[in-house]
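Within every chain, numbering begins at 1; the chains are lettered A, B, ... in the order of the sequence lines, protein sequences first and strands thereafter.
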2 protein chains.
Amino acid sequence: MHLQKYERIPRATIARLAVYVQELEVMEQQGIKVISSEKLAWSCGVNPSQIRKDLAYFGEFGVRGVGYYVYELREAIKQSLGMDRTWNVVMVGVGNLGRALLRHHLLRKRGFVIVAAFDCDPFKIGEEIAGIEVQCTSKLPQSTIDMGVEIGIITTPPERAQRAANYLIEGGIKGIVNFAPSRITAPENVVVEYVDFIHNLFSVAFNITQHQIKGLL
Amino acid sequence: MHLQKYERIPRATIARLAVYVQELEVMEQQGIKVISSEKLAWSCGVNPSQIRKDLAYFGEFGVRGVGYYVYELREAIKQSLGMDRTWNVVMVGVGNLGRALLRHHLLRKRGFVIVAAFDCDPFKIGEEIAGIEVQCTSKLPQSTIDMGVEIGIITTPPERAQRAANYLIEGGIKGIVNFAPSRITAPENVVVEYVDFIHNLFSVAFNITQHQIKGLL
DNA sequence: TGTATATTGTTAAAAATTTCACTATGCACC
DNA sequence: GGTGCATAGTGAAATTTTTAACAATATACA
Ligand SMILES: NC(=O)c1ccc[n+]([C@@H]2O[C@H](COP(=O)([O-])OP(=O)(O)OC[C@H]3O[C@@H](n4cnc5c(N)ncnc54)[C@H](O)[C@@H]3O)[C@@H](O)[C@H]2O)c1
Ligand SMILES: NC(=O)c1ccc[n+]([C@@H]2O[C@H](COP(=O)([O-])OP(=O)(O)OC[C@H]3O[C@@H](n4cnc5c(N)ncnc54)[C@H](O)[C@@H]3O)[C@@H](O)[C@H]2O)c1
């Protein structure tokens, strides 16, 4: 077990470490055994020092003069991120996006197991998607407590997100990923993360415009 | 038209501006006409100075001693982000996620119109989803040129993402949003943005663990 | 065993971003 | 018109994050 030095770790570091894992997996499949920070950086689109710095928060995983052993590094990062275990997840709101996520097999592969899904629409209750039966939202709090679920995913319409969050909080959840484009309030001890990929479209659109403006100057 | 001062704008600012728009819309629906940076900050989960600073990149939109007029500010931000127009978008890969996005009406509301969808699976070609007929990928480059499409969304499996990107690039696209968990290479003049919400799950999981560790100390 | 080479871990510098503190200004009411 | 109050805009300070530089060290090979 590698000791994490006790420093606050930049959230950007966490996101990058996840990318490193992803690229290391590709490399492993290609039969690459050893990789330098320079080459890994190149394929992740970051600076080599950045990689070494990011890793330094968690320990020493490389061999000077040699590089990193792909398999070992991947495992070490996963362990550092707490990804060497599985997390039980529940979903609230089984609509278009919810269904897509339920059918997304990569979640399980990454250690996130959706153990239950809830919706308030009586027409959806009882339906089975990817082996999960949709249940009535009223059962949520007790279920999550019983199953020891730690993470909740919200995929309801935005105006229902707070209500969904309240159920999850009542169910003793420790973290929420909210896909609805609305802010929610939760107690201090509940970690909340927002996902909204329209932001990414905004960002691309904005950068295209900037590019064009720059081109004209 | 507000003049953008010529400075590089932090990418985080762009993401936040999109959140401000979202919250301003909610406030507008609630009949709120004027808002202070402090109150807006509160509901967006950021610092008030941050809001004022973010806005300052694009101009002066408020009234000292009063605050910001909700409607005007929203419009001003949208204009600054280049969101006062519509963007034509194409999708490559109509699977679980692709379908969800095609049916996601908020995209259109935000000015992103999916004008065509492509897949290489013969069983999917010809199918109609949310009014869009799935076409064969081989038609992509010519179609995007003909329709003047500027943004491409990739929702293929990761190992196909580069191929999808190549089609888009051939079709003269200016920006790509890649939902597949793999890096792609594209010419300098093509803006690429990656979306992977497993990162957000990682982040929540990590923060839950940290929280618990901190609790123990 | 010694030397050259590669590449990490780490410290220091630079750059970017956020927050603070203060100034300027608009509004309401006397 | 003057005064008090609220709040935007802004330059400077603080903080965070990234990048660069280099010392430490493992390997290969003479
Ligand atoms: N569809 C997409 O691709 C997409 C993309 C990005 C974000 N989103 C966001 O994700 C959310 C869901 O989108 P969608 O397209 O799946 O919408 P949807 O309308 O298809 O699904 C929403 C589901 O939530 C259920 N629901 C509503 N209130 C509920 C409650 N209180 N408790 C439990 N379930 C409840 C509804 O019955 C419905 O099944 C929205 O907020 C949307 O903005 C969707
Ligand atoms: N399902 C989700 O909720 C989800 C969530 C996050 C990320 N993703 C990612 O999004 C991508 C799509 O996921 P999915 O669940 O929709 O997968 P999927 O297998 O359901 O869909 C992929 C689609 O891409 C098509 N395709 C494959 N190669 C193609 C090519 N060269 N050109 C055009 N089309 C091609 C396939 O025919 C299929 O229809 C994956 O990379 C996945 O990791 C999915």
Using a strict threshold of under 4.0 Å (side-chain N to carboxylate O), is an ion pair present between Glu38(B) and Arg52(B)?
no
Round to the nearest Å and state the distance from Arg8(A) atom CZ to dT18(D) atom P.
11 Å
N/O-N/O pairs, protein side and nucleotides 2-5 of chain D side, under 3.5 Å:
none

Expressed in angstrom and rounded to an integer, what is the separation of Glu38(A) atom CD from dG9(C) atom P?
15 Å
Taking CG from Leu73(A) and P from dT7(C), how many angstroms apart are they, rounded to a whole number?
15 Å
Asn47(A) CG to dA15(C) C1': how many Å, rounded?
13 Å
Nearest atoms (heavy-atom pairs only) where Ile176(A) meets Val204(B)
O-CG2, 3.9 Å
Is the gap between the ring centers of Phe179(B) and Tyr194(B) under 6.0 Å?
no
Provide, to the nearest angstrom, the distance between the CD1 atom belonging to Ile51(A) and the C1' atom belonging to dT10(C).
16 Å
Without swapping roles, check the side chain of Thr137(B) against the backbone of Cys120(B) for a donor-acceptor pair under 3.5 Å.
yes
Show the nearest heavy-atom pair for residues Ser182(A) and Pro158(A), with the distance to one decimal.
OG-O, 3.0 Å
Nucleotides 25-30 of chain C: which of its N/O atoms have a protein N/O under 3.5 Å away?
residue	atom	partner	partner atom	Å
dG26(C)	O4'	Arg64(B)	O	3.4

Nearest to side-chain heavy atoms of Ala12(A), which nucleotide of dT7(D), dG9(C), dT18(D):
dT18(D)
What is the distance, to the nearest angstrom, from the CD atom on Gln50(A) to the C1' atom on dA16(C)?
13 Å
Between dT10(D), dT19(D), dT19(C), which one does the side chain of Ala56(B) approach most closely?
dT10(D)
Which part of the nucleic acid, if any, lies within reach of Ser36(B) when heavy atoms closer than 4.0 Å are counted: base, sugar-phosphate only, or nothing?
sugar-phosphate
Quick note, Tyr68(A) side chain, CB onward, closest among dT8(C), dA12(C), dT18(C) is dT8(C)
dT17(D), OP1 or OP2 - any side-chain N/O from Arg16(A) closer than 4.0 Å?
no
Is it true that Glu25(A) and Arg110(A) make a salt bridge, defined as a side-chain N closer than 4.0 Å to a carboxylate O?
yes
Given side-chain hydrogen bond (donor to acceptor under 3.5 Å, both in side chains), test Asn166(A) with Gln162(A) step by step and report yes or no.
CA-CA 6 Å; Asn166(A) 295 345; Gln162(A) 183 64 58; 2.9 Å; yes
Ion pair Asp54(B)/Arg16(B), N-O distance below 4.0 Å:
yes
Give one of base, sugar-phosphate or nothing for Ser37(A), where a contact means two heavy atoms less than 4.0 Å apart.
sugar-phosphate
If the threshold is 4.0 Å, N to carboxylate O, is there a salt bridge linking Glu150(A) and Arg85(A)?
yes
Distance test, side-chain N/O of Tyr57(B) to OP1/OP2 of dT17(C), below 4.0 Å:
no
dA8(D) C1' sits how many Å from Glu72(B) CD, rounded?
14 Å
Evaluation steps, salt bridge (charged side-chain N to carboxylate O under 4.0 Å, His left out), between Arg11(A) and Glu193(A)
CA-CA 11 Å; Arg11(A) 93 186 332 258; Glu193(A) 186 89 7; 3.2 Å; yes
May I ask you to evaluate whether Arg52(B) reaches the phosphate of dC20(C), defined as a side-chain N or O under 4.0 Å from OP1 or OP2?
no
Starting from P on dT18(C), measure out to CG on Asp54(B) and report it in whole angstrom.
7 Å
